[in-house]
Amino acid sequence: MYETLSLYIDGQWCQGSRGETEPVINPANGKTVGVLPHASTEDLDRALAAAAKGFKLWRNTSAYDRAKVLKKAADFIRQRIEHIATTLTLEEGKPVAEARLEVASSADILEWYAEEGRRTYGRIIPGRSPAIRQMMVQEPVGPVAAFTPWNFPAVTPIRKMAGALAAGCSCIIKASEETPGTSVALVRALADAGLPAGVLNLVFGVPSKISEYLLASPIIRKISFTGSVPVGKHLAKLAADGMKRCTMELGGHSPVIIFDDADTEKAAEISAVGKYRNAGQVCIAPTRFFVHEAVHDRFVASFTKIAKEMRLGDGLEPTTKMGPLANPRRLDAMEQFIGDAEGHGAKILAGGKRHGNQGFFFQPTVLGDVPDGARVMNLEPFGPVAPIQRFSDFDDVVKRANALPYGLAAYAFTKSAKTATAIADALESGMVGVNHLAISMPETPFGGIKESGYGHEGGIEGLEAYTNKKFVTQIGV
Ligand code: NAD
């Protein structure tokens, strides 16, 4: 049922040359589901050489032919959806229905990039004399090093691989060691679709050692990282030494503003389902709730009811609505957030504790009347904890929503077109959802501002992230 774990270097599936490994744990029961090989520095050298060779080959392959390979891989992912979704749930814990959606959306992302890669247009710029022809052309940036976390083991790696490959780059990806099977399955689909050897390489190991080694190599020209703000800052500093381009998709702490004219029950339902998706381990999860005092109690009652009724369990059980947290670090983090909030005077309205006696389960939690000073209002909880506050004034709630260094996603609920426009303009955020939370599509730009990072994945912006713009001017001979 679980994917066979391997490294993929220069077109070969292999184990690490020094025999180092680590176990992969099922968060629903703490049992080992697989043994993951680690790449040695010799293996990384082989991956770098392969990426350099693969880049020369792939950049000279037409966008038309590149698209054929990527589309075929998207078809393989769709055909293998049950296997990949099961692997994903076994290593990450989310309900298999959520895993299926994630895998299906990965195929869509790959297909979209395959098509869009054929449209990396340049531009003709009129010259100052009829004899001069000036143009801007887009070229692939070069071999890419990509680093992805454990919360979306399919979508996050595929966004990076698809963008890089569609633009004509080669890639070395280090996916999460905690959820490696899904990325192995995705790379397998690309390899089976005929991607030439060296163009894509998959490695695992100690994250800091791999990133430092790859970023120090002159072969790597671009870094794409998804993960926490501190690690993103560290990698951006390493990248600066080689003046390498970066895309940084870091954390968020998304405000959700419920105005007094919103459909309160619907807003509560959409918000609660969004909050507890993937047990809250989502960088764009709705996480800081500001509810107008006129509708506060109704909103809290509806939201809390959904939290209390949510069915927890192994993600492979069809009735499960929320699985375990992906690793024990998140359990400790939830307990610290909740203890600190209580210490600041917040009330626990639902949950608040670990659940069951095996695996990493934590109850869907609602915290009421949480003061501004509580840690959970200031640091990304990345788990199933929803802190709720009241507000009464537009300017005041905007100030509170914009108060943190994060700026990834923000949401608002209102029936007024005027308020919708005003709040979308006022929020300091890379993405804003009004009356719904669906802000991540293959064709739309995804990215943050402030300490949530820079650059985009998704949309034409996500493809441009992997191209250099070259200006060429020529005069008739
Ligand atoms: P972490 O900060 O140690 O790691 C986050 C991710 O970065 C992991 O996948 C890890 O393997 C990777 N990483 C860590 N150090 C690295 C390095 N030097 N080079 C390359 N990759 C490195 O924390 P964690 O406990 O795994 O996750 C907790 C926090 O990370 C959460 O609170 C959340 O803020 C953040 N996070 C964000 C996202 C996101 O989608 N933006 C995803 C996962 C985790």
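Ligands are counted one by one from 1 in listed order, and the atoms in each one are counted from 1 as well. Positions are given from 1, in the same order as the sequence printed here.
- In this structure, atom 28 (C) of ligand 1 has protein heavy atoms in its sub-4.0 angstrom surroundings.
- Nearest protein heavy-atom contact of atom 1 (P) of ligand 1 is S228 OG, 3.9 Å.
- Checked for salt-bridge contact, K233 and E451 meet the test: a charged N lies under 4.0 Å from a carboxylate O.
- At the top of the distance list for atom 11 (O) of ligand 1, counting protein heavy atoms only, stands P207 CG, 3.7 Å.
- No donor-acceptor distance shorter than 3.5 angstrom exists from the side chain of E91 to the backbone of V24, with no hydrogens or angles considered.
- There is a protein heavy atom less than 4.0 angstrom from atom 9 (O) of ligand 1.
- Contact annotation for F225 and ligand 1: only side-chain heavy atoms (C-beta onward) come within less than 4.0 Å of the ligand.
- Summary of contacts: the protein heavy atom closest to atom 14 (C) of ligand 1 is V231 CG2, 3.6 Å.
- Scanning the protein for heavy atoms near atom 39 (C) of ligand 1, the closest one is C283 CB, 3.6 Å.
- Ring geometry for Y8 against W13 counts as tilted: the plane angle lies between 30° and 60°, on a 0 to 90° scale.
- Using modelled atom types, no side-chain atom of D314 and backbone atom of N29 make a donor-acceptor pair closer than 3.5 Å.
- Here is the list of ligand 1 atoms found below 4.0 Å of a heavy atom in S208: 17 (C), 18 (N).
- Of the protein's non-hydrogen atoms, F382 CZ, 3.5 Å is the one closest to atom 38 (C) of ligand 1.
- Put simply, the side chain of R330 gets close to the backbone of F382: a donor and an acceptor are under 3.5 Å apart.
- Relative orientation of the F289 and F299 rings is tilted, given thresholds of 30° and 60° on the angle between their planes.
- No donor-acceptor distance shorter than 3.5 angstrom exists from the side chain of T247 to the backbone of S224, with no hydrogens or angles considered.
- Below 4.0 Å from some heavy atom of E249 lie the following atoms of ligand 1, by number and element: 41 (N).
- The two residues L408 and G447 have their closest heavy-atom pair at CD1-C, 3.8 Å.
- Checked for salt-bridge contact, E249 and R159 miss the test: no charged N lies under 4.0 Å from a carboxylate O.
- Scanning all protein heavy atoms for the shortest distance to atom 19 (N) of ligand 1 gives S211 OG, 2.8 Å.
- Under a 4.0 Å criterion applied to the non-hydrogen atoms of T226, ligand 1 contributes the atoms 39 (C), 40 (O), 41 (N).
- In terms of heavy atoms, P384 sits closest to L325 at CD-CD2, 3.6 Å.
- Interface atoms of ligand 1 facing L250, defined by a heavy-atom separation under 4.0 Å, are 41 (N).
- The heavy atom nearest to atom 24 (P) of ligand 1, out of those in H234, R329, R330, is found in R329.
- Of the protein's heavy atoms, P149 CB, 3.4 Å lies nearest to atom 43 (C) of ligand 1.
- Contacts of L235 with ligand 1, taken as heavy-atom pairs under 4.0 Å, involve the side chain alone.
- Under a 4.0 Å N-O distance rule, the pair R188/E3 qualifies as a salt bridge.
- Looking from atom 33 (C) of ligand 1 to the surrounding protein, the closest heavy atom is E380 OE1, 3.3 Å.
- Interface atoms of ligand 1 facing W150, defined by a heavy-atom separation under 4.0 Å, are 9 (O), 24 (P), 26 (O), 27 (O).
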